[in-house]
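Lettering follows sequence order; numbering is per chain, from 1.
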Amino acid sequence: MNVLLWVTDWLSAPEQWSGTAGIPARFAEHLGYSGLALLLSALIAVPIGLLTGHTGRGGFLAASLANVARALPTIGVLMLVVLAAGIGLVPVMAALVALAVPPILVNTYEGVRGVDPQVRDAARGMGMRGREVLLRVELPVALPLILVGLRTAAIQVVSTATIAAYVGIGGLGRFIVDGQARRQFEMVAGGALLVVVMALLVAALFYLLRRFLVAPGLRRSPGS
Amino acid sequence: MNGAPLIDWDWITRNLDDPIGTRLLEHLYLSFAPLLLGLLLALPLGIACARWRPLYPPVFTGVNVLYAIPSIALFFLLLPYTGFSAWTAIIPLGLYTLAILVPNVVSGLAQVPDHVRQAAVAMGFGPLRRLIQVELPVALPVIVAGLRIAAVATISMVSVASLVGIGGLGQLILTEGFRRQFPTPIVVGIVLSVALAFVVDGLLVLAQRALTPWTRDRDPVARARPRTVGAAKGGNA
């Protein structure tokens, strides 16, 4: 239980809570990288998932590409892009986006594909055009699954953004990498704990999003 | 990169045996061992959760919190205890698979039809024999589906362990490639890692088909039956 005491000591030291290398600043950086990576991934994956799911065309190709991306070693992508573009935000975003796109894409595609054909027919019968069917019927019905995809991606991104510190960028990973370099294990453990806290906050955020965005009639459907 | 080509084929042929071949084998071992460890932990945990449902929510939360711990931190934290042995990579990677495997074991067992369970009881199967000979085989496709996801995730995550010097193909990426500013080993590491993931995924599909022969022709029958029944009814009316 020694370790636990060290970690609480480290967390409660006042010097950790101020300055550009303090916990609040690192937490904000980490949140910033993760948020940006998730936003970029969603901008790529959601439209592609909606379109392939709606038209039924290119779905196999999208799923295959997502499978390849899922198998990519994050650290390899990170380091290849560092060699190509230098240290900075670009390699970190490339690695995190490659990680986050597959779950969002697959869940969006499956969500739209899984919409009951009768619901789709009813929408057409009401005179909706393809675009309206997609945005006003398929998207809301697929939303629970899309949110599950986004949540999976977000938690993986938050946990993996720690690698950003290894290529000289900030975030909570700094505590882990610097703690290891200085043999201060309470710092490594403290950094890891903060990452877990952020992941739990993300999970809570998605719970709230589900509560407020998903239509009441759909909330009891399986998918999460 | 100084305008050097992305792939130096000469380097690849010169290093095909060592380090490329050795790192690939190491990578295979470092992914297989965590999967085995994860399965050995997930099966009893999942079976217990399926039997005593109140156990499931806390276990589910626990394995998901474990999953959120960054892998580098777990590797660094284990280093003082396990040193530079393979366990430093195997233990964290094995624990991560639980977040995928435990829910699949539980939902696989929950999907066993009640009449199947009752038939086993009526045939005089005790709880243990029923579990091993009836429930687990019926749940196998769902468990293997989880194993496939866990296998691909583990194979892609092993490389991170190169930061503590035990990364299989990650060593190729980090020491041969990144530290020497030489892209070829990085590309080789990425390509082989993805290829390994696909081969293992394919082997798991084949293994599942071999282990559950009854699922191979069940689907077409199940799909055909309602249609035939419907047609017969229509004819009668």
Side-chain angles (χ1 to χ4, degrees), chain A residues 3 7 30 64 67-86 98-99 102-103 152 155-156 158-163 165-167 171-173 175-177 179-181 183 185-203 222, chain B residues 1 4 6 27 61 64-77 79-80 96 99 107 148-149 151-153 155-164 167-170 172-174 177-198 200-201:
Chain A
V3 183
V7 175
H30 201 97
S64 312
N67 264 338
V68 175
R70 218 159 52 85
L72 282 174
T74 305
I75 205 140
V77 177
L78 181 74
M79 286 172 178
L80 191 63
V81 184
V82 168
L83 286 197
L99 185 77
T152 310
I155 289 175
Q156 281 187 338
V158 164
S159 159
T160 310
T162 42
I163 297 182
Y166 202 80
V167 291
L172 293 171
F175 294 127
I176 295 168
V177 171
Q180 164 70 8
R183 296 286 180 271
F185 290 101
E186 66 278 17
M187 198 165 164
V188 177
L193 187 67
L194 290 168
V195 173
V196 172
V197 168
M198 193 182 288
L200 291 177
L201 289 176
V202 167
Chain B
M1 270 193 259
L6 190 64
H27 202 95
T61 310
N64 276 301
V65 167
L66 266 180
Y67 192 72
I69 304 175
S71 49
I72 335 181
L74 268 190
F75 295 141
F76 285 159
L77 289 172
L79 211 49
Y96 288 136
S107 65
R148 288 176 60 194
I149 299 175
V152 173
I155 291 170
S156 84
M157 237 188 322
V158 169
S159 295
V160 181
S162 61
L163 297 177
V164 288
L169 291 167
L172 216 57
I173 291 168
L174 187 72
F178 186 66
R179 298 226 168 105
R180 294 183 193 167
Q181 305 275 300
F182 179 34
T184 305
I186 305 187
V187 176
V188 171
I190 294 175
V191 169
L192 285 180
S193 182
V194 171
L196 189 63
F198 275 74
V200 170
D201 192 53

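Of the atoms belonging to B/A73, heavy atoms from both backbone and side chain fall under 4.5 Å from chain A. Residue B/F198 touches chain A through its side chain alone, counting heavy-atom pairs closer than 4.5 Å. For A/V82, the part sitting under 4.5 Å from any heavy atom of chain B is the side chain, from C-beta outward, and nothing else. Both the backbone and the side chain of A/L72 come within less than 4.5 Å of a heavy atom in chain B. Heavy atoms closer than 4.5 Å to chain A are found nowhere in B/L66, neither backbone nor side chain. When heavy atoms are compared at a cutoff of 4.5 Å, B/R180 does not approach chain A at all. For B/I155, no part lies near chain A; criterion is any non-hydrogen pair under 4.5 Å. Neither the backbone nor the side chain of A/F175 comes within contact range of chain B; no heavy atoms are under 4.5 Å apart.
When the candidates A/I163, A/L78, A/V158 are compared by the number of heavy-atom contacts under 4.5 Å with chain B, A/I163 comes out ahead. Contacts with chain A were tallied for B/S162, B/P80, B/A197; B/P80 has the most, counting heavy-atom pairs under 4.5 Å. Considering only heavy-atom pairs separated by less than 4.5 Å from chain A, the leading option among B/A195, B/S71, B/P70, B/A151 is B/P70. Ranked by non-hydrogen atom pairs under 4.5 Å with chain B, the options A/A189, A/A203, A/A199 are led by A/A189.
Inter-residue side-chain proximity for A/I75 and B/L163 is flagged as met; some heavy-atom pair is nearer than 4.5 Å. Using a 4.5 Å heavy-atom threshold, the side chains of B/V160 and A/T74 count as separate.
A pairwise comparison of heavy atoms in B/S159 and A/P73 identifies OG-CB, 3.7 Å as the closest pair. Considering every non-hydrogen atom in both B/A68 and A/V195, the closest pair reads O-CG1, 3.9 Å. The heavy-atom pair separating A/F185 from B/F76 by the smallest distance is CE2-O, 3.6 Å.
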Query raised in the report: Would B/I72 and A/Y166 count as a side-chain contact (heavy atoms from CB on, under 4.5 Å) if you check the C-alpha gap in whole Å, the side-chain angles of each, and the deciding distance to 0.1 Å?
Result: CA-CA 10 Å; B/I72 335 181; A/Y166 202 80; 5.5 Å; no

**Report entry** Step-by-step side-chain contact (heavy atoms from CB on, under 4.5 Å) determination, B/N64 to A/I155
**Finding:** CA-CA 10 Å; B/N64 276 301; A/I155 289 175; over 6 Å; no

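Remark: A/I176 CD1 to B/I69 CD1 distance equals 10.0 Å, nearest 0.5 Å. B/L79 contributes atom CG, which lies 6.0 Å from atom CD of A/Q180 (distance to the nearest 0.5 angstrom). Considering CE of A/M79 and CD1 of B/I186, their distance stands at 7.5 Å, rounded to 0.5 Å.
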